[in-house]
Structure formats: structure tokens, C-alpha cells
Protein chains: 4
Amino acid sequence: MPERSLARYPQAVTDWRDFSDDGLTPTLRAARGLFARNGYHATSIRAVAEAAGLSVPGLYHHHRSKQAILGALVDATMDRMLAHTRAAEADSDGTALGRFDNVLECLLRFHMLRRDDAFVASTEMRSMDDTLLLRHIAQRDEQQRMIADIIAQGVADGTFRCGHVDDGARAAASLCVAVAGWYDPTGVLTADEVVARQLDIARRIAGFPPPP
Amino acid sequence: MPERSLARYPQAVTDWRDFSDDGLTPTLRAARGLFARNGYHATSIRAVAEAAGLSVPGLYHHHRSKQAILGALVDATMDRMLAHTRAAEADSDGTALGRFDNVLECLLRFHMLRRDDAFVASTEMRSMDDTLLLRHIAQRDEQQRMIADIIAQGVADGTFRCGHVDDGARAAASLCVAVAGWYDPTGVLTADEVVARQLDIARRIAGFPPPP
Amino acid sequence: MPERSLARYPQAVTDWRDFSDDGLTPTLRAARGLFARNGYHATSIRAVAEAAGLSVPGLYHHHRSKQAILGALVDATMDRMLAHTRAAEADSDGTALGRFDNVLECLLRFHMLRRDDAFVASTEMRSMDDTLLLRHIAQRDEQQRMIADIIAQGVADGTFRCGHVDDGARAAASLCVAVAGWYDPTGVLTADEVVARQLDIARRIAGFPPPP
Amino acid sequence: MPERSLARYPQAVTDWRDFSDDGLTPTLRAARGLFARNGYHATSIRAVAEAAGLSVPGLYHHHRSKQAILGALVDATMDRMLAHTRAAEADSDGTALGRFDNVLECLLRFHMLRRDDAFVASTEMRSMDDTLLLRHIAQRDEQQRMIADIIAQGVADGTFRCGHVDDGARAAASLCVAVAGWYDPTGVLTADEVVARQLDIARRIAGFPPPP
DNA sequence: CATGAATGAGTTTTCATTCAT
DNA sequence: CATGAATGAAAACTCATTCAT
């Protein structure tokens, strides 16, 4: 049974830094690559089937429509993102800075290592039907609320200085999302170095260290 | 003759804060709206013609292809963005902070007031043919270099503290681009308030004020 | 073994007015309903399987093709129609009017009570392959010849007055067939009342009572 | 402009016996033939286009969907049928028998000479969408009411004897409709002879001449 | 510039049917 | 018989584009 359908919530995250297994079926992997490179509407179902090594009706055996493929992809992506960032937060020391660093590092790695998945999820919002879009937005907002909560803790205890917590959280999240658009795994910088640099920027967005 | 084609470089910018006139033909205005809402590939040439109040052959009288419409739109957008940010910089007091504030405020206003234009230009890169894409990237990079130069000046004279100038410039530029994705002109905050908040975040990205 | 395949000729008819048991397998019952409502070509084999509570390969276990399903349905319908009308005739007093009334009443009840079966058989002639079509036409013609013989007897002995016996037989048969298209078992008239009214019309078609 | 779209109501009928001009566009003529021979669902839009000498998109230039083609065909058919039967009635001497003979003769000729049109309209009711079906049924019912009115007049003045006027009208109309299913213009009988025989049957259905 | 007509190549989706297990 | 997977062929329909008038 090669195309096991994804459970909505993946098994427990053991290492929140590990994104080596994408957990996707061949079909979704094929769709992800094509959607990322050409866009949803510029990708034909024929091309997806071909890339997945299936005939067109074979593909429809697994997914009832092109939109359903996008849905499965986006759901898997957002589920994984939330599951990992939650694990990262749980793995922290509980301080504002500790939580912030873990969650932001996790988000950065996710957008670097699951580049195409993340790119599709953030780029194809216009291509999602209403129910999928609502689900996606809800999870995106949940992610930002998580960051906002952390910043608020830091502002309260003096770790951060940030006038508008929600704006800061959005900017920090956007910073991570943007990484999926330019990060090149074959580039000169190591992944760790990229993470360090972007995390430094994220900290400044949150107002760390606070000026005197 | 309602559809005067755009000169490649618009007339001199008299007020870099003023984006009230988009300088677009009805056709480009129609295409912009549809491309922004539905995406390039999900927009048919017929829909553009209809929204522009033209017949299909009439539309082809003005633009030789669908791609040429995207090209004209993107070119106009990037030309205007660069022209305004250059004017904003020239209008500054020449200090690093003065140049930074003017350029970033200009970029923010551009992405807020020319929302759809900016959104299409940044979203439809995958839909651009090679020559258009190169042109677009060159102008985007020029814009980022401009910011990087300013940050570098500030780092040199102690105004900013920023370990990696290029990363900072990209993050600041991305911050502005992201605004086009969420800014709602009918929202509760005034445009000036949004600009102030985002400019504050941009300054922190550049490392201002520098911690002791 | 729920899906016993039909013998070509059903067991002897004990009561020619009784159509309570259609003698169909679940598959044929499902197909009949869908063919009647949507038509043969608008009905998918998957829909038939689902309505029959079978899997698609399970359905193919019983019938070698979609066409074979139609064939089994039409054959069963025509066999039953002929068997019942023959029984009705045999049950008569042998006079022209007695034979006519019995046969026509039987035909009318058949088209009312086996509505969908009759409707499919008469409506889907265009969907039958050559051999099935020939079989169907042969049985339909046999039915009409039966009526024509009866009318001819009545014309000969003065019971009926009908210039063109074959035309009359066809018109009488068509009258019955048409009933399957409009009869509503939930309507205000009882089945017996409908039979009486239509039989009256059929008699007039045959020229009974003859004008002086 | 080869494909003039049909006005909903054809020009005034000058000779209600004349059905030589079908007033159809080449597309509708092609569709009519294929729908009549193979049925709506068994006819592909490709086949219609080919038979009409058009490419597939060329066909869609004239009709927005396959259903719209059926609609145009059925509407034209029913409009023509009603227009001619009204003209036939108006052309009568006003007596019940005169009206009846004219209207029924007209209906018979229509179903003989516009065989395929009539056959499609009566056979493809299951393939019509709701609005088209309602329109079709309304016109069919109007036709039957016309016949019922005439029979009622004849029953009132003693010309006809018919216990249930509506049943008689339906049977008479069905008789005509059935003709489209079996009439063969190349057969041995002349059209006039067929009309005469069937009209004779129709009169008997209405109860003419009344038995003493 | 509008109208009207046209088209090759493409789109997403469904069909009847088969086969291994 | 069910499940699950598969497929060639075809379905209805749309695309960007062109051309004559």
C-alpha cells in the first residue's frame, strides 16, 4: 500500500529540529515540487501524475480533485509546523527568551528544510477554496498567537521591549516565512549560520536586548 | 485615445509620499486587480478584457500577449517604487537615520497604497518569463542595495548596530513587502499609524537605537 | 448466494394480474432504478454497484459488462410481459372482446406496476447493441401481433370495426407503453380506475362498440 | 453570419401543413440528428461539432454548453409545434370536428416531418435541466389542453362521446408523439395515407362517431 | 478599436473495465 | 465476493491567440 493517507495529526514529535522525513506520499511530494516551482494553477494534474509515476486516473484514485491535493499538502504542512513549534516550546526552559529562541529557531528550520511545503502553503492562499483557506488561516494565526504570547511574557518581565506585541509577532513570523523564498541549501552559509543570523534579527524585532 | 502606453520611466516624482495616481491604463488597472485577487494563471485574458471594457482583440491591440500585460504592470510597479524611494532619499537630510526613515517610510507607503501592484510584482515571479524576471530581480536587488548602503553608513557612524548588513536590508525590505499582504485600508489604524509602527520595527531590524 | 441469475423464462404465471414480485436480483433492481431515472448512458457502473451494495468487481462477477446488465433487464422485462399476456389470453373466454380485455388489462397493469422496467425497455432501445435490440424488437412485435390477431378476430365476427388492424394494434400497444411514462402510483385514481379508463380508450381504438 | 440564433417565437405561420423549413442552424441540425439517433448522453460535443463542420471551441462560440444546445433545440421544436397547431386551429371552421381534424392533422404531420426534432423533445426529458424541463412540460401541457378543449366542445354538442376528456386528449397527443418513433418516410404508405389512418384512430379515441 | 467567428492545444475529471490479493 | 489499485480513452469545457470585416 504505497500511498498511505496522512493522519491529520502526525505522530509525536521526538526531535523538533528534525525535518528529515516529510511524511508525504509520492503524489503529494510530486505536487509539492510542481506547485512550488510553477504555482498551483500553472501545474496540470497530468504533470503531477507523471511526476508521481501514476496515470491520471490513478492519481484520482488517491485524491478526489486537484484542490484536494492542495488541501492534503497544506494541512500536512501546517500540522507539522504547529506540532514542531509546540514541541520546541515545550522543550524550552520556560523563560521568555528560551521559549522565543526555541520557537523561532524551529520556525526558521522548518521554512528552510521544508522549504517547498512552506512556500506552497504561504503562496497559494488565493488558490485555496473557502474551507481550506479558513483552516489554513486559523493555523497560521494560532502560530502567530503563540509568538505573541511569548513576546508578551518577555515584555512583562523586561526581557523584551516591544510596543505592539501583535505587530512584532507578525513581523517575526513573516521573517521566517520569507526565508522559504530565498534560502538556498547549496549556498555558502551553513544552515546553522543562517538560523543564527535570522534569529538575531528576530530577537531585535522582539526588542532584545532592550535598550537602556 | 484613452490607452496611452506608459513611458518606461515616469515623469519626475514631485512628492514621494503621494501615490494617488497609479498612472495605469484601464487595461493594466483591470489586470492588476484580477491578478492580485486570483493570480496570473487563474485570470483569463477574456476576464481582463471585460474588466477593462475592451473586446479581446481590442486588448491585443494594446498588448501583444498576456505575458506582456504582466510585464507592463511589473515594470511600471518597479519603476515607480524605485523612483519614489530615490526621491525620498534625495529629500532626506543625508544622515543614516534620515535616509533610512525616508526610504523605509516611502517603501511602506508604496506597499500600502499601491497594494495590488506591489502584491502582483512580488507574488507572480514564477509567472514571469526570463527577461521580465531578470529585470524584476535587478530592480528588487537595486532597492535592497539602496537600503544596505544606508544601513552600512549607519553602522559605520554608530547610528545602527547590525551584524550582517545584507541580511538586515533584506529583512527590512521583506517587512515592507509583507505589508501589501495584510494591510487593510478600511482597518482601524490610520495609514500614518501603521507606517509608524512598521518603521519602528524596521529601525530595530537595522539596530536602532543601538544597545549600550 | 443472494444473486441467483435469472433463468431466461420465468416459472409459470399463476396469476397474470400479479406483478408483486419482480424476480430481479439486487443488481438488476438497482440498475433498473438508475436507468429509469437518469438513462443508461448517464448512469455509471459505479453508481449501479453502490446502489446494489456491491463493489465494482463484485458487480462484474455477475455481469460481464454494462451492456449485459441492460440485456438481462430488458430480457427479463420482455419475457415477463409476454408470459403474463399469454396467461391473460389463455385465461379468457376465447371471444374477441374477452381476449382483448384480458390482454390489454394485463399490458396496462404491467406498465403501471412494472413501470421502471417497462420504461427502460422502451426508452433505451438506442442503447442496446444489435443482438439485444433484435431480441427486443422481436418480442415487442410478437406482442403487437398478438393484439392484431385478437382485433382481426373481432373485426371478422363484427365485435370490432377497425379499418387497419395493424395500426390499431400498434396504437393500442402504444397506449399501454405510454402509461409507464405518466402513471403515478401515489395519484388520486386507483390503479383499477386507471385501468378501466385506459381500457375504454383501447376498446375505442379497436372499434368497440362498432357504430351502427 | 451563418449561425443566426433563433428568435424564441418564429415568424407567423403561413401554411400550417408546411414543415419544409426547419429554421435551424447547422449546429442545431447536427445535434438534432445525433441526439435522435444516439441519445443526448451518448452524443459527444465533439461529434456535434464535427457534424456541424465546426471545431469544438467554434461550437462553444454559439452555445455555452451542451445543455444549451438541447435547450435551443427543444425550445425551437415546441415553439414551432404550438405555433403550427394554433394556426391549424385558427384555420378551421370552428366546429369541434373541424378544429379536431385540423389540430390533429397538424400534430401528425409535425411528428412525421419534424420527426427527429419531435423525437428528441419527447425522449430526452430526463436529460433536461430543471428550467428547460419546466418550459417543455408547460408547452406540452398547453398542447394537450388545446386538444382537451376541443374534445370538450365536441362532447358538449354531441359530436364526440368521451368519458374522460383529459385522458382522451392525452391519448390522442400520445398517438401523434408515437408516430415520430415509427414513421418511415421511405415506407410504402404516403404521408397523406398515414395521416388519414392515424387521424381515424384519433377520432375514435375522442369518440367519433358516437355510438347510437 | 468593436464584432463575430474561429482554432489547436490544453484543462480537470470521469468512464468502463481489469487484476492481484 | 470485497479491497485497492490501476488505466486507456474519452468526456465537457476553456485557454490564449488570430483574423476578416
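A, B, ... follow the sequence lines: proteins, then strands. Residue 1 opens every chain. Because the structure is predicted, anything quoted here is derived from the model rather than measured.
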Exercise. Would you say dA2(F) has OP1 or OP2 under 4.0 Å from some side-chain N or O of His61(C)?
Worked result: no
Exercise. For Ser55(B) and dT3(E), is the shortest distance between a side-chain N/O and OP1 or OP2 below 4.0 Å?
Worked result: no
For this session: If dT21(F) has a Watson-Crick or G-U wobble mate with both distances under 3.5 Å, name it; if not, just say none.
Result: dA2(E)
Exercise. Taking any strand in view, what nucleotide pairs with dC13(F) in a Watson-Crick or G-U wobble way, both distances under 3.5 Å?
Worked result: dG10(E)
Quick one: which of [options] gets closest to the side chain of [X]?
X        : options                  : answer
Ser65(B) : dC13(F), dT17(F), dA6(F) : dT17(F)
Lys66(D) : dC1(E), dA6(E), dA12(F)  : dA12(F)
Pro57(B) : dT3(E), dA16(E), dC15(E) : dT3(E)
Arg46(B) : dA6(F), dT17(F), dC1(F)  : dT17(F)
Ser44(A) : dA5(E), dT17(E), dT12(E) : dT12(E)

For this session: Answer whether the closest heavy-atom distance between the side chains of Val48(D) and Leu54(D) falls below 4.5 Å.
Result: no
Problem set entry | Side-chain touch Glu50(D)/Val56(D), heavy atoms, less than 4.5 angstrom | no
Exercise. Does a side chain donor of either Asp129(D) or Thr131(D) reach within less than 3.5 Å of an acceptor in the other side chain?
Worked result: yes
Exercise. Starting at the 5' end of DNA chain E and moving along, which residue's nearest nucleotide shows up first, His41(A) or Leu59(B)?
Worked result: Leu59(B)
Exercise. When the nearest nucleotide of DNA chain E is assigned to Gly53(B) and to Tyr60(C) on a heavy-atom basis, which residue is associated with the more 5' position?
Worked result: Gly53(B)
For this session: For Gly58(D), report the nucleic acid contact type (base, sugar-phosphate, nothing); a contact means any heavy atom under 4.0 Å.
Result: base
Atom [atom1] of [X] to atom [atom2] of [N]: distance rounded to whole Å?
X        : N       : atom1 : atom2 : answer
His62(D) : dT3(E)  : NE2   : C1'   : 13 Å
Leu70(A) : dT12(E) : CG    : P     : 13 Å
Leu54(D) : dT14(F) : CG    : P     : 17 Å
Leu34(D) : dA11(F) : CG    : P     : 12 Å
Phe35(C) : dA16(E) : CZ    : P     : 9 Å
His63(B) : dT18(F) : NE2   : P     : 15 Å

For this session: Name the residue closer to the 5' end of DNA chain F, choosing between Tyr40(D) and Gln67(B) according to the nucleotide with the nearest heavy atom.
Result: Tyr40(D)
Exercise. Is any side-chain N of the basic residue among Glu124(B) and Lys66(B) closer than 4.0 Å to the acidic one's carboxylate O?
Worked result: no
Exercise. Any ion pair linking Asp117(A) and Arg32(A) (charged N to carboxylate O, less than 4.0 Å)?
Worked result: yes
